[in-house]
Student: 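Here you go, one structure.
If you read the sequence from its start, that first residue is 1, and numbering goes on from there. Predicted model only: the values in this text are computed from it and were never measured.
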Amino acid sequence: MAGHDIGPGPLPSFSGTGTPVQSRDRHIHPRRSRRARTKAALLAACVGALGAIGTAPSSAQSPPVGGPPSGHPARFAPGPCPQTPEPVPGRCGFLEVPENRERPTGRTIRLAVAIIPAASKTPAADPVVFMEGGPGGDAFGAIPFLIDSGVNRDRDLIVVAQRGTLHSQPSLACPEMDRFNATAVGLRYDAPSTGQGLVRAAKECRERLTAEGNDLTAYNTTENAADFAALRKALGINKWNVYGYSYGTDLGLTYLRRHPQGIRSLAIDSVVPPQIVSLPWAWDSAQEGINAIFAVCNAQPACKSRYPHLSRTLTEQIRRLEANPLTLTVPPPGGGTPVKVVLDGGTLVNLLVANGRLVPAVDVPAALYELAAGNPERLARAQAAGATPAIGEFAHGLTHSVACAEWAPGFSKRDVLRAGRRAFPGWPDTVLAHAPQLPFEHDLCRVWNVPDRTAVQRVATHSKVPALIITGTFDAKTGASWGPFTGRTLPRSTAVVIPGITHWVVPQEPCAASVLRSFLARPTAPDTGCVPDVEPKPFTIIP
């Protein structure tokens, strides 16, 4: 199934597999507010000197494959670290790069960079560079998770705010869309009027961003990968290791394919294969992750006894809610003023595929049976969390510049519906017509209006660079089977599948973090001995 361009038609599938799902304002990325990040992890103390990374003189960026040389060489300039909820434990600066490498005389943009020292007093010479998910996520917000996982235990860690994201200049944040998403918790998920509101907010954001002089055609994975290649040269680094999750795996694989020089190893976590990712693809991962949760419940006697027939129950509840949505007023999970929420079939799907952000996997069977018994409170409160988004934190402009250029083209609305019907026969077409967490994306892409880039992006990465591929069986955004699939063209890869874990595996499971650290030390022979001992946690059993 490894290949190049993918045209309309059935997607490759694995027996029992499925695809990614995300919330309205988080796509292939777990939605996390800065407040939630701070509660989830405390920064570990960094020991030792700032590390072996130095600032080299400016060096010209090699032209991307098939593109002309840029008239603006990349340049790294030290500078203050951004203001973040937890202070950045290292030194920072900006990488200045061309906005569009196909326009040699165009403007430059600046990407925020943090260099976090290794905890070891004798760090390895090859650092780790991190690629955030999204597209559009806040890379600096991931620093506590990376440190707690020991990614910088033996080598320096470099964190880059990708082009267009928070802390970089310009930021492609869309407060217009954030504000709409806050109100959308009280709207029917798949109503045409909801789609019109979403598209209107996106159009307002696009008009503002372009009026500010931003070239949205330049915010794509090809340019993003070239930025990382430029940073390695600008910092004078001979070899480094790449670690990315979610969209960061799409980016990492693209980077390895187009700029293989200087990459010692590649670790990818919760995999988005660039040759496969599309809107219909999302339904395959949703099926895989949800079915995996149900299968493990069925294998645990207490769960099986309390929650029989989960798949049938889910279908019944989606059909019931889609026909007769529930409207409730509930406080958000963290407390505060109650808000109006609507639970319909599409909303229920989104809550399940948000991979523990709203409804933890261990609570999914309980939540479904509570709903069936007339108690939707757990799900309603989870939906209410969307009423208080972090305005201006997430770069929707990068999300849709990538999605509309690289994921949506070549597949019609009918293709999305067919993929949904294959994954979940018996669900209403009104639910299946929308790619999970990217509803109305075809309509949005018409107003976002960026060119089709699939010819250069939907390409498999073939490489003998050592690779580590980590996936979680409960991941409903990027199904676990896509990891081994991607490894087919990476002959020196090690693929590990972690049971009972959702999206972005390493911060959730100490064994996965241990495997990653082992891989960084010995890329061709990582220690995976802990993996067989990992077992899914017991499910919540309600009276």
Student: With a 4.0 Å cut-off on N to O distance, would you call Lys537 and Glu509 a salt bridge?
Tutor: no
Student: Could you report the tightest heavy-atom contact between Ala380 and Leu343, atom names first, then the distance?
Tutor: N-CD1, 4.1 Å
Student: Look at the side chain of Thr473 and the backbone N and O of Gly500, then say whether any donor-acceptor pair between them is shorter than 3.5 Å.
Tutor: yes
Student: So which heavy atom on Arg458 is nearest to which on Pro409, and how close?
Tutor: NH2-O, 2.7 Å
Student: With sequence neighbours excluded, what pairs up with Phe294 under the ring-ring contact (aromatic ring centres under 6.0 Å, His included) test?
Tutor: none
Student: Is Gln508 reaching over with its side chain to a backbone N or O of His503, donor-acceptor style, under 3.5 angstrom?
Tutor: yes
Student: Do the side-chain N and O atoms of Tyr247 and Glu132 include a donor-acceptor pair separated by under 3.5 angstrom?
Tutor: no
Student: For Arg414, look at atom CZ and say whether over 12 heavy atoms of other residues, nucleotides or ligands are found less than 6.0 Å away.
Tutor: no
Student: Is there a donor in the side chain of Trp427 and an acceptor in the side chain of Thr315, or the other way round, less than 3.5 Å apart?
Tutor: yes
Student: Determine whether a donor-acceptor pair (N or O, by modelled atom type, separation under 3.5 Å) exists between the side chain of Ser246 and the backbone of Gly133.
Tutor: no
Student: I'd like to know if the side chain of Asp138 reaches the main chain of Phe140, judged simply by a donor and an acceptor atom lying under 3.5 Å from each other, with no hydrogens or angles considered.
Tutor: yes
Student: Backbone N or O of Gly397 within a donor-acceptor pair of the Ser401 side chain at under 3.5 Å?
Tutor: yes
Student: Are Pro451 and Thr217 packed together at the side-chain level, in the sense that at least one heavy-atom pair is separated by less than 4.5 angstrom?
Tutor: yes
Student: Report yes if some heavy atom in the side chain of Arg319 is under 4.5 Å from a heavy atom in the side chain of Pro428; otherwise report no.
Tutor: yes
Student: Of all the heavy-atom pairs spanning Ala395 and Gly164, show the shortest one and how long it is.
Tutor: CB-O, 3.3 Å
Student: Taking the inter-plane angle between the rings of Tyr243 and Phe130 on a 0 to 90° scale, is it parallel (under 30°), tilted (30 to 60°) or perpendicular (over 60°)?
Tutor: tilted
Student: Between Asp443 and Lys203, is the salt bridge (Lys or Arg N to Asp or Glu O under 4.0 Å) condition met? List the steps.
Tutor: CA-CA 11 Å; Asp443 300 325; Lys203 184 173 185 290; over 6 Å; no
Student: Holding to ring-ring contact (aromatic ring centres under 6.0 Å, His included), I want the full list of residues that pass it with Phe539, two or more places apart in sequence or in another chain.
Tutor: none
Student: Could you verify whether a donor N or O on one side chain and an acceptor N or O on the other, from Thr221 and Glu406, lie under 3.5 Å apart?
Tutor: yes
Student: How far apart are the C-alpha atoms of Ile290 and Leu314, what are their side-chain angles, what is the distance that settles it, and do they pass the side-chain contact (heavy atoms from CB on, under 4.5 Å) test?
Tutor: CA-CA 10 Å; Ile290 292 171; Leu314 174 60; 3.9 Å; yes
Student: Regarding Thr502 and Asp475, is there a side-chain donor-to-acceptor distance under 3.5 Å anywhere?
Tutor: no
Student: Any side-chain to backbone donor/acceptor pair from His167 onto Ala161? Under 3.5 Å, distance only.
Tutor: no
Student: Would Arg200 and Glu204 count as a salt bridge (Lys or Arg N to Asp or Glu O under 4.0 Å) here? Give the steps.
Tutor: CA-CA 6 Å; Arg200 183 165 53 250; Glu204 291 171 359; 5.0 Å; no
Student: Could you verify whether a donor N or O on one side chain and an acceptor N or O on the other, from His400 and Glu441, lie under 3.5 Å apart?
Tutor: yes
Student: Do Ile109 and Gln169 make a side-chain contact, defined as non-hydrogen atoms from C-beta onward lying under 4.5 Å apart?
Tutor: no
Student: Could you check Asn152 against Val128 for side-chain contact (heavy atoms from CB on, under 4.5 Å), going step by step and ending with a plain yes or no?
Tutor: CA-CA 8 Å; Asn152 71 320; Val128 182; over 6 Å; no
Student: List the residues meeting ring-ring contact (aromatic ring centres under 6.0 Å, His included) with Tyr255, not counting sequence neighbours, and say none if there are none.
Tutor: none
Student: Does the pair Asp215/Arg107 count as a salt bridge with the N-to-O cut at 4.0 Å?
Tutor: no
Student: Could you walk me through whether Val160 and Leu231 pass the side-chain contact (heavy atoms from CB on, under 4.5 Å) check?
Tutor: CA-CA 9 Å; Val160 183; Leu231 178 63; 3.4 Å; yes
Student: Any side-chain heavy atom of Val113 within less than 4.5 Å of one from Cys92?
Tutor: no
Student: I'd like to know if the side chain of Thr486 reaches the main chain of Trp482, judged simply by a donor and an acceptor atom lying under 3.5 Å from each other, with no hydrogens or angles considered.
Tutor: yes
Student: Below 6.0 angstrom between ring centroids: does that apply to His396 and Phe394?
Tutor: yes
Student: Regarding Glu99 and Thr108, is there a side-chain donor-to-acceptor distance under 3.5 Å anywhere?
Tutor: no
Student: Rounded to the nearest 0.5 Å, what separates atom CE in Met177 from atom SG in Cys205?
Tutor: 7.0 Å
Student: Any idea which heavy atoms bring Ala480 and Gly472 closest together, and the distance?
Tutor: CB-O, 3.4 Å
Student: So, Arg418 and Asp429, do they make that salt bridge, N to O below 4.0 Å?
Tutor: no
Student: Is there side-chain contact between Glu370 and Glu377, with at least one heavy-atom pair below 4.5 Å?
Tutor: no
Student: Test your reading of the model: is there a side-chain donor-acceptor pair from Thr478 to the backbone of Val272, 3.5 Å cut-off?
Tutor: no
Student: Taking Asp344 first and then Arg320, would you say they form a salt bridge - that is, a charged N and a carboxylate O separated by under 4.0 Å?
Tutor: no
Student: Strictly by modelled atom types, are Thr347 and Asn350 linked by a side-chain donor-acceptor pair under 3.5 Å?
Tutor: no
Student: When you measure from the side chain of Thr399 to the backbone of Pro135, do you find a donor-acceptor pair of N or O atoms at a distance under 3.5 Å?
Tutor: yes
Student: Yes or no on side-chain hydrogen bond (donor to acceptor under 3.5 Å, both in side chains) for Ser168 and Gln162, after CA distance, side-chain angles and deciding distance?
Tutor: CA-CA 7 Å; Ser168 286; Gln162 296 169 26; over 6 Å; no
Student: Taking all non-hydrogen atoms of both residues into account, name the closest pair between Cys445 and Ala408 and its distance.
Tutor: SG-CB, 4.0 Å
Student: Hey, are the side chains of Leu438 and Leu279 touching, using non-hydrogen atoms and a 4.5 Å cut-off?
Tutor: yes
Student: With side chains defined as the heavy atoms from C-beta onward, is the minimum distance between Ile470 and Ile498 less than 4.5 Å?
Tutor: yes
Student: Any side-chain donor-acceptor pair under 3.5 Å between Asn220 and Gln457?
Tutor: no
Student: Indicate the atoms forming the closest heavy-atom contact of Pro89 with Ile116, along with that distance.
Tutor: O-CG2, 3.8 Å
Student: When you compare the side chain of Leu216 with that of Leu172, does any pair of heavy atoms fall below 4.5 Å?
Tutor: yes
Student: Quick check against the 3.5 Å criterion: does Arg446 have a side-chain atom that pairs as donor or acceptor with the backbone of Val199?
Tutor: no
